[in-house]
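Computed from a prediction, not measured in an experiment: that's the story for all the values here.
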Amino acid sequence: WNRVSGAKRSPGVCPLDDEPLSEDTVFNDLFAANETFAISVLCSSKRYSTSEHDWCQWRGTLKEYKEHEATCGYIRVTCPECLVEVKGEDLSAHKCMSCPLRLAQCSNCKREMAWKDIKSHLQEDCLEVIVSCPNGCSNSPLPRKDLRAHSMTCPLQIVNCHYSISGCEYKGRRQELRRHHDNSLQYHLQLVDMKAQ
């Protein structure tokens, strides 16, 4: 394999000029290796910098660089949760305070979820959030989990007449239903009678 291009090449071929190699012409050149590792280098954080104060001033040899890279806070790292790149020294703070995928707990139901989902959870899903009756009755606020049961007794809930099964088309607020029944008694009896025939 050619380490530079990734292309496959035949064994025993020079990576620079593709000339055939043999064991008697190739040797481990320690002098060249030592010269290479002695080259002076800068910290790679400089290439990610947006200002001259936002990068590491470290200088050293290529041999020392690996050790420096492991501890340098300026080198960019990827957050394992949201995959955003941040400076190494900022990763802990990012994971605790600004990563949208950090674990957060709903203050009402105590359910854990990603921070980015908390707002929609509170607005739409959390059963412990205190809400007003959608009909605007005076029996609210109440927990969202009680809304369904509340709608069965809410005086302002729009309901069908009990005689809708017989054909009455009245719809109105629950608190007005008794008056409708009282005012429509004769009509409801006629509907029931017609349905029975």
Side-chain angles (χ1 to χ4, degrees), residues 1-132 134 141-147:
W1 288 93
N2 182 324
R3 291 184 187 175
V4 177
S5 70
K8 210 173 198 179
R9 65 170 187 265
S10 12
V13 176
C14 175
L16 297 176
D17 60 12
D18 285 332
E19 290 294 318
L21 300 174
S22 64
E23 284 187 31
D24 55 323
T25 61
V26 176
F27 65 97
N28 189 3
D29 190 347
L30 294 177
F31 179 76
N34 287 337
E35 278 188 340
T36 302
F37 284 120
I39 292 173
S40 181
V41 293
L42 298 174
C43 178
S44 67
S45 66
K46 183 174 183 176
R47 72 174 159 219
Y48 302 110
S49 174
T50 53
S51 77
E52 73 179 64
H53 303 293
D54 194 31
W55 57 280
C56 176
Q57 303 294 318
W58 181 87
R59 280 183 182 268
T61 65
L62 186 58
K63 185 176 184 177
E64 299 164 332
Y65 183 72
K66 280 291 179 200
E67 186 179 322
H68 167 74
E69 185 180 42
T71 59
C72 179
Y74 285 91
I75 292 180
R76 307 290 283 183
V77 295
T78 301
C79 171
E81 302 300 325
C82 68
L83 306 178
V84 166
E85 278 196 356
V86 295
K87 285 195 300 186
E89 67 184 11
D90 296 337
L91 182 61
S92 291
H94 167 79
K95 286 167 78 175
C96 293
M97 298 185 304
S98 60
C99 178
L101 297 179
R102 70 188 182 277
L103 202 56
Q105 187 179 61
C106 172
S107 57
N108 294 298
C109 69
K110 309 303 181 211
R111 190 173 133 209
E112 291 189 336
M113 66 198 69
W115 172 257
K116 69 177 184 66
D117 297 330
I118 287 285
K119 185 176 180 180
S120 66
H121 168 73
L122 290 171
Q123 290 174 345
E124 301 163 16
D125 303 328
C126 182
L127 297 176
E128 299 299 328
V129 167
I130 302 300
V131 295
S132 297
L142 63 157
R144 184 179 280 136
K145 68 181 176 186
D146 295 341
L147 272 181

Should we count CD of Gln123 as having more than 12 external heavy atoms under 6.0 Å?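 It does: Gln123 CD has more than 12 such atoms within range.
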
Step through the shown structure and confirm whether more than 12 heavy atoms of other residues, nucleotides or ligands are within 6.0 Å of CH2 on Trp115.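 Count not over threshold, so no.
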
Of the non-hydrogen atoms in [X] and [Y], which two are nearest, and what is the gap between them?
{"X": "Ala32", "Y": "Asp29", "answer": "N-OD1, 3.0 Å"}
{"X": "Leu122", "Y": "Val129", "answer": "O-CG2, 3.6 Å"}
{"X": "Gly73", "Y": "Lys87", "answer": "O-CB, 3.5 Å"}

Under a 4.5 Å cut-off applied to non-hydrogen side-chain atoms, are Cys109 and Asp125 in contact?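 Not in contact.
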
Would you call Lys116 and Cys82 a side-chain contact if the rule is heavy atoms closer than 4.5 Å?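 Of all side-chain heavy-atom pairs linking Cys82 with Lys116, none is under 4.5 Å.
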
Point-to-point distance, once rounded to the nearest 0.5 Å, from [atom1] of [X] to [atom2] of [Y]:
{"X": "Glu112", "Y": "Asp117", "atom1": "CD", "atom2": "CG", "result": "13.0 Å"}
{"X": "Cys43", "Y": "Glu69", "atom1": "SG", "atom2": "CD", "result": "8.0 Å"}
{"X": "Arg144", "Y": "Ser132", "atom1": "CZ", "atom2": "OG", "result": "11.0 Å"}
{"X": "Ile75", "Y": "Leu91", "atom1": "CD1", "atom2": "CG", "result": "13.5 Å"}
{"X": "Leu142", "Y": "Ile130", "atom1": "CG", "atom2": "CD1", "result": "7.0 Å"}
{"X": "Asn108", "Y": "His121", "atom1": "CG", "atom2": "NE2", "result": "7.0 Å"}

Per-pair distances, 0.1 Å, donor-acceptor, side chain in residues 96-107, under 3.5 Å, sequence neighbours excluded:
| from | atom 1 | to | atom 2 | distance (Å) |
| --- | --- | --- | --- | --- |
| Ser98 | OG | His94 | ND1 | 3.2 |
| Arg102 | NE | Cys96 | O | 3.4 |
| Arg102 | NH1 | Met97 | O | 3.3 |
| Arg102 | NH1 | Cys99 | O | 2.7 |
| Arg102 | NH2 | Met97 | O | 3.1 |
| Gln105 | NE2 | Lys110 | O | 3.2 |

Might you work through the side chain to side chain contact (heavy atoms under 4.5 Å, CB included) test for Thr61 and Ile39, ending with a clear yes or no? CA-CA 5 Å; Thr61 65; Ile39 292 173; over 6 Å; no

Parallel, tilted or perpendicular: which one describes the rings of Tyr65 and Trp58, with boundaries at 30° and 60°?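 Aromatic pair Tyr65/Trp58 classed tilted.
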
